[in-house]
Number of protein chains: 2
Amino acid sequence: MQTALATTGLPPVFSTSLPGRALPLPATEARPVHRRTVAAEAEIFAGGDRAGTFYKVVSGVVRTYRLLSDGRRQIDAFHLPGDIFGLEAGAEHRFNAEAVTEARLDVHRREPRALAGDDGALAREIVASMMKALERAQEHMMLLGRKSARERIATFLLTLSRRMACDGAAMELPMSRTDMADHLGLTVESVSRAVTQLERDGLIALPPNRRLVVLRDVEALARLAE
Amino acid sequence: MQTALATTGLPPVFSTSLPGRALPLPATEARPVHRRTVAAEAEIFAGGDRAGTFYKVVSGVVRTYRLLSDGRRQIDAFHLPGDIFGLEAGAEHRFNAEAVTEARLDVHRREPRALAGDDGALAREIVASMMKALERAQEHMMLLGRKSARERIATFLLTLSRRMACDGAAMELPMSRTDMADHLGLTVESVSRAVTQLERDGLIALPPNRRLVVLRDVEALARLAE
DNA sequence: CGAATGATTGAGAACTCTCAAGCTCGGTGG
DNA sequence: CCACCGAGCTTGAGAGTTCTCAATCATTCG
């Protein structure tokens, strides 16, 4: 799920090799306008801002979120290294983006030829990134619409561990419990309780540092996440 | 939000006019493989099916959904005329698709050159459709993660009325309460109660036929939806 | 006109939220 | 080096919303 476009038998919808235009460049080498470093908790852009650029995470973690008028927050995604965010169909950003940890970003200018033009590698990467974002969003709707707090935490921890490619060892959560809550459609307290319960049941272990988690029973977690 | 790619000032990421390859074809004329009519409640494809084709709704309404292993269902979207669905990055469909009402569909074969190749109109339509799907998914995460039952119904009715372009008159809901529930992350009973409550508060009217709704106070509904 | 499916309503249970307190870890300064 | 401090996390108790189970009602279809 974390890998880019699958290449499993069927002709991919978005071909990775344009006939007569084979660029040997790895996708990640597509010309960034410049690189930017943002401090933890710093704003990257706000909803309503002119969407003249989009971003690719080099290191660190970024959150994109929206607010209801009374302040309720929904974090639609955490963006890890390699992820693209901030790409809009319209003229304005529809989200707010902030650094969760200190983060380095590639800033890309949004140009008419970004997809159709001469940079095939970036074009394909953008489309692949959109499809990945859509798949994650759809997966997340399942979580938000139909899963219990316990199941949400299990799903989240499993997915994050896969995306962070952390070996069997402890995984360091980049985000606070509050961030997790606003991503999972819960309150901080419910997140805390569900995490504690998973520990009591032996599915995870919680070292003294609350930002660390060890997945002790991946099978059982997967069963919870379905 | 329902319109295709916005063209508001900024250069669109995905240019609608490819330099040197201007196809005068309207997007909707892009070669369908064939047309198919499905009866109400009939299956169009199932999760795990080989994703060799994708679809565009000509008339009627389609739902795409996923199930948890114990049967809980999440309808990720209702597809109205003009919408594209069933397009996958991988080799298999990740969703089930069924007709909500009788529906006519354009069936498109998924080919390597679908985006990169010679049919620029279809390619751009596909990308636009993906962006639209992503925006709707993100909007829906806000609903599922942070809105009350009442707010979900208000949001749903407003959004649907805009997409169906129904004048101020009564809107005919194509789907059952159960479908609404599984889309909005609620139970049938909660949907029913919230709808009834909106009627008691005068925000909507419910003619005897329970598939009809009149939005009586769009302002108030919009305030609820935020 | 009657059966059947879908919708509504009711009552009680369950889950999550709210409000409030207490705790822990990590950093700070004496 | 240790005690203190603060932000974030956890825990508790009670309230609230939604869910579950069950019955009733309505509309459509045969």
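Just so we're on the same page: letters track the sequence lines, and every chain starts at 1.
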Tell me the interatomic distance from [X], atom [atom1], to [N], atom [atom2], rounded to whole angstroms.
X: D182(B); N: dC19(D); atom1: CG; atom2: C1'; answer: 13 Å
X: L143(B); N: dT18(D); atom1: CG; atom2: C1'; answer: 15 Å
X: R177(A); N: dT11(D); atom1: CZ; atom2: C1'; answer: 14 Å

*Would you jot down, in residue-number order, the residues of residues 184-203 of chain B having a non-hydrogen atom under 4.0 Å from DNA chain D?*
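Those residues whose heavy atoms fall under 4.0 Å from DNA chain D, taken from residues 184-203 of chain B in numerical order, are G185(B), L186(B), T187(B), E189(B), S190(B), R193(B).
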Tell me which residues in [range] lie within less than 4.0 Å of DNA chain C, going by non-hydrogen atoms.
range: residues 66-78 of chain A; result: none
range: residues 97-104 of chain B; result: none
range: residues 144-152 of chain A; result: S148(A), A149(A)

What pairs meet the ring pair (Phe, Tyr, Trp, His ring centres under 6.0 Å) rule with one or both residues in [range], with sequence neighbours excluded?
range: residues 188-226 of chain B; result: none
range: residues 163-208 of chain B; result: F78(B)-H183(B), H140(B)-H183(B), F156(B)-H183(B)
range: residues 185-218 of chain A; result: none

Less than 4.5 Å apart, side chain to side chain, heavy atoms only: is that true for [X] and [Y]?
X: I84(B); Y: H108(B); value: no
X: R36(A); Y: I44(A); value: yes
X: V213(A); Y: L157(A); value: yes
X: V57(A); Y: L80(A); value: no
X: M180(A); Y: L173(A); value: yes

Any side-chain to backbone donor/acceptor pair from [X] onto [Y]? Under 3.5 Å, distance only.
X: R211(A); Y: P174(A); result: yes
X: D201(A); Y: L203(A); result: no
X: S192(B); Y: V188(B); result: no
X: R110(A); Y: A51(A); result: yes
X: R35(B); Y: R104(B); result: no
X: T101(A); Y: V61(A); result: yes
X: R152(B); Y: K147(B); result: yes

_Test ring pair (Phe, Tyr, Trp, His ring centres under 6.0 Å) applied to F85(A) and Y55(A), F95(A), Y65(A), the passing residue_ =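 The single option meeting the ring pair (Phe, Tyr, Trp, His ring centres under 6.0 Å) with F85(A) is Y55(A).
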*Taking any atom under 4.0 angstrom from a heavy atom of chain A, which nucleotides of DNA chain C are the first and last to qualify, 5' to 3'?*
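With heavy atoms of chain A under 4.0 Å away, the range is dT16(C) to dG26(C).
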*So how far off straight is the helix from dC1(C)-dG30(D) to dG30(C)-dC1(D), going by the axes through five pairs at either end, to 10°?*
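Axis-to-axis angle, ends of the helix: 30°.
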*For residues 63-84 of chain A, pull every pair meeting salt bridge (charged side-chain N to carboxylate O under 4.0 Å, His left out), keeping only residues two or more places apart or in separate chains.*
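The answer is E41(A)-R63(A), R63(A)-E98(A), R63(A)-D179(A), R66(A)-E139(B), D70(A)-R72(A), R72(A)-E151(B), R72(A)-E226(B), R73(A)-D179(A), R73(A)-D182(A), D83(A)-R136(A), D83(A)-R163(A).
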Could you run down the sub-3.5 Å N/O contacts of the protein with nucleotides 26-30 of chain D?
{"unit_1": "dT28(D)", "atom_1": "OP1", "unit_2": "N209(B)", "atom_2": "ND2", "d": "3.4"}

*asked:* If you count every heavy atom of other residues, nucleotides or ligands that lies below 6.0 Å from R210(B) atom CZ, does the total exceed 12?
replied: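 Check passes, neighbour count above 12.
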*asked:* With side-chain contact (heavy atoms from CB on, under 4.5 Å) as the criterion, how do M142(A) and Q138(A) come out once you've worked through the C-alpha distance, each side chain's angles and the decisive distance to 0.1 Å?
replied: CA-CA 7 Å; M142(A) 181 92 249; Q138(A) 289 165 337; over 6 Å; no
*Under the side chain to side chain donor-acceptor pair (under 3.5 Å) test, which residues partner H93(B), sequence neighbours left out?*
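Residues passing side chain to side chain donor-acceptor pair (under 3.5 Å) with H93(B): none at all.
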